[in-house]
A.B. asks: 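Before we start, here is the structure in question, set down as structure tokens.
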Amino acid sequence: MVVALDDTKRSAIATELGDLKAIQELLIANEQKVLPAVSNDQEISKRLNDFLKDDQENLTVIEQVISKFGGGSAQPRDTIRQYVEQVYNRWK
């Protein structure tokens, strides 16, 4: 059974998906940045690589859901966008 969503609900879901994608991308970027610092410890490096692999798979799922949902309308909220930007700026 197909359920029709009104525009308000569709917009809210798209925003949540946008938030999820932005945070997932941040996690992946953070893990990639930390990975070289732990390369001398095999156990930690393996665990971090496992996290990275899982998070990349999660991002793929999120992107598939966004694509099936309607694509470009999934944008993160301004507060999430600002948070992600602040984290990236601290890395510089």
A.B. asks: Drop me the distance from T15's OG1 to R10's CZ, to the nearest 0.5 angstrom.
C.D. replies: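 CZ of R10 is found 12.5 Å from OG1 of T15.
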A.B. asks: Tell me, with the steps shown, if T79 and Y83 meet side chain to side chain contact (heavy atoms under 4.5 Å, CB included).
C.D. replies: CA-CA 6 Å; T79 53; Y83 172 76; over 6 Å; no
A.B. asks: Could you pull out the closest heavy-atom pair between A74 and L17, with the gap in Å?
C.D. replies: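 That would be CB-CB, 4.3 Å.
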A.B. asks: Is the backbone of Q56 close enough, under 3.5 Å, to the side chain of T60 for a donor and an acceptor to pair up by distance?
C.D. replies: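 Yes; at least one donor-acceptor contact below 3.5 Å.
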A.B. asks: Should E57 and K53 be marked as a salt bridge (Lys or Arg N to Asp or Glu O under 4.0 Å) after you check the CA-CA gap, both sets of side-chain angles, and the distance that decides it?
C.D. replies: CA-CA 6 Å; E57 290 172 3; K53 181 179 175 256; 3.4 Å; yes
A.B. asks: Could you give all pairs that pass the salt bridge (Lys or Arg N to Asp or Glu O under 4.0 Å) test and reach residues 27-43, with sequence neighbours left out?
C.D. replies: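 Listed once each, the pairs are E43-R47.
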A.B. asks: Under 4.5 Å between side-chain heavy atoms, counting indirect links through other Ile/Leu/Val/Met/Phe/Trp/Tyr residues: same cluster for V84 and W91 or not?
C.D. replies: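 Yes, same cluster.
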A.B. asks: Could you measure the distance from the CG atom of L35 to the CD1 atom of I44? Nearest 0.5 Å is fine.
C.D. replies: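 L35 atom CG to I44 atom CD1 measures 11.0 Å (nearest 0.5 Å).
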A.B. asks: In the single-linkage hydrophobic clustering (I, L, V, M, F, W, Y; side-chain heavy atoms under 4.5 Å), do L59 and V61 co-cluster?
C.D. replies: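 As far as the 4.5 Å side-chain criterion goes, V61 and L59 are not connected within one cluster.
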A.B. asks: Would you say the side chain of Q82 lies within less than 4.5 Å of the side chain of R77, judging by non-hydrogen atoms?
C.D. replies: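 No, their side chains stay 4.5 Å or more apart.
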A.B. asks: Tell me if a side-chain donor or acceptor on S45 pairs with a main-chain N or O of Q42 at a distance below 3.5 Å.
C.D. replies: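 Looks like no, no N/O pair under 3.5 Å.
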A.B. asks: Without swapping roles, check the side chain of S67 against the backbone of E63 for a donor-acceptor pair under 3.5 Å.
C.D. replies: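 Not at all, since once roles are kept as given, no pair shorter than 3.5 Å links the two residues.
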A.B. asks: Taking atom CZ of F51 and atom NZ of K46, what is their separation to the nearest 0.5 Å?
C.D. replies: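 Interatomic distance, F51 CZ to K46 NZ, rounded to 0.5 Å: 10.5 Å.
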A.B. asks: Report, one line per pair, each donor and acceptor closer than 3.5 Å where one atom sits in a side chain of residues 21-30; sequence neighbours left out.
C.D. replies:
from: Q24; atom 1: NE2; to: D55; atom 2: O; distance (Å): 3.3
from: Q24; atom 1: NE2; to: D55; atom 2: OD1; distance (Å): 3.0

A.B. asks: With rounding to the nearest 0.5 angstrom, report the CD1 to NZ distance, I13 to K9.
C.D. replies: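 Interatomic distance, I13 CD1 to K9 NZ, rounded to 0.5 Å: 8.5 Å.
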